[in-house]
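Data block below; observations after.
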Amino acid sequence: MKLAAWNVNSLKVRLPHLLDWLADQQPDVVCLQETKLEDHNFPQADLEAAGYQVAFAGQKTYNGVALLSRHPLSDVVRGNPHYDDPQKRLVAATVAAPSGPLRMVCAYFPNGQEVGSDKYAYKLAWLAALETWLKEELAAHPRLALAGDFNIAPDDRDVHNPAAWAGKILCSEPERAAFQRLLGLGLADSFRLFDQPEKTFSWWDYRMLGFQKNQGLRIDHILLSAPLAAHCTASLVDKAPRKRERPSDHAPVLAEITE
DNA sequence: ATGGTGGGCTTCCCA
């Protein structure tokens with residue numbers, strides 16, 4: 001089983017990249033963020049033709065998430081039942097994986113813009129509500145994965161220049177504490193289950209030649225509940241799509257789980 | 001401290 005998460009920064013623009021990447025990698029489940037499409041514009045036929053069932057929650061201009069699965073999807077939930085949010089950031093579904101049902105939660109965490117701003121307060125409130133909901137989801141679904149753009153670099157290892165980013169948005173202590181609370185629910189950061197190359201990131205600013213200089217952050221994650229983490233055999237960032245022309249500013253992340 | 005780039009119902013907002 002190959003699970004993936006990718007912030008595509010406009011599915012309309014990135015659909016060709018996504019279709020190429022699906023053909024290359026053949027992931028079983030993919031969580032997409034920043035689709036920026038209303039539901040009636042979602043490219044369902046193209047993705048079904050590529051072999052994927054889809055579930056999505058989108059809106060115009062901003063946000064938008066989608067789940068793709070080669071196995072049947074059921075029990076789709078859009079948004080957090082504990083947090084009435086006009087911003088489309090969450091979609092969850094149960095995947096009928098060969099090894100048994102897998103609860104997949106696709107998330108686009110708020111960016112927060114700047115520590116102390118209104119958007120930062122929203123981010124922290126959203127994180128608290130996510131924790132409340134996930135506790136219930138985990139109780140109901142022991143085999144659960146939370147994947148997406150967390151907009152949190154959990155550790156200084158996940159930051160190209162920790163001194164410059166210290167206390168800043170995506171790296172602040174309250175954000176990192178919220179990430180640790182998610183782990184405290186019984187989730188593991190799949191990437192850190194393995195030895196990893198230093199300076200592995202998943203997002204690079206379009207500006208200042210960020211990618212060329214590898215000035216990035218690791219903010220896209222796949223968290224696994226214990227029964228899944230126990231069977232995880234690999235977790236990595238696939239930088240290849242970020243090297244293409246007109247790329248998303250994020251690279252896809254992957255986790256493999258033995259059947 | 002600023003600004004660089006990119007996407008979007010664009011002349012600003014969000015990342």
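Everything quoted here is computed from the prediction, not taken from an experiment.
- Remark: C1' of B:dT5 and CG of A:Leu209 are 10 Å apart, rounded to the nearest angstrom.
- Separating the C1' atom of B:dC14 from that of B:dT10 is a span of 12 Å, rounded to the nearest Å.
- Between A:Phe109 and A:Trp126, the angle of the ring planes lies from 30° to 60°, which puts this pair in the tilted group.
- Rounded to whole angstrom, the span from the CD atom of A:Glu114 across to the P atom of B:dA1 amounts to 11 Å.
- When the P atom is used for both B:dT5 and B:dC9, the distance is 22 Å, rounded to whole Å.
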Task: Footprint string (nucleotides 10-15 of chain B, 5' to 3'): B base within contact, S backbone only, - free, heavy atoms under 4.0 Å - done: ---BSB
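- Comparing B:dG3 with B:dC12, their P atoms sit 16 Å apart, to the nearest whole Å.
- Under a 4.0 Å N-O distance rule, the pair A:Asp158/A:Arg176 does not qualify as a salt bridge.
- The residue among A:Lys60 and A:Met208 whose nearest nucleotide of DNA chain B lies closer to the 5′ end is A:Met208.
- The aromatic rings of A:Trp203 and A:His250 are tilted relative to each other, their planes meeting at an angle between 30° and 60°.
- Every residue two or more places apart in sequence or in another chain that forms a side-chain contact (heavy atoms from CB on, under 4.5 Å) with A:Gln180 is listed here: A:Leu183.
- Using atom C1' as the reference point in both B:dA1 and B:dG7, the two lie 26 Å apart (nearest Å).
- Residue A:Gln215 contributes atom CD, which lies 16 Å from atom P of B:dG4 at whole-angstrom precision.
- Taking atom CZ on A:Arg14 and atom P on B:dG8, their separation rounds to 8 Å, with Å as the unit.
- Ring geometry for A:His221 against A:Phe150 counts as perpendicular: the plane angle is over 60°, on a 0 to 90° scale with 30° as the lower cut.
- Looking at A:Glu38, its side chain never comes within 3.5 Å of a backbone N or O of A:Lys60 through a donor-acceptor pair.
- Close to B:dT5, at under 4.0 Å from its OP1 or OP2, lies no side-chain N or O of A:Arg246.
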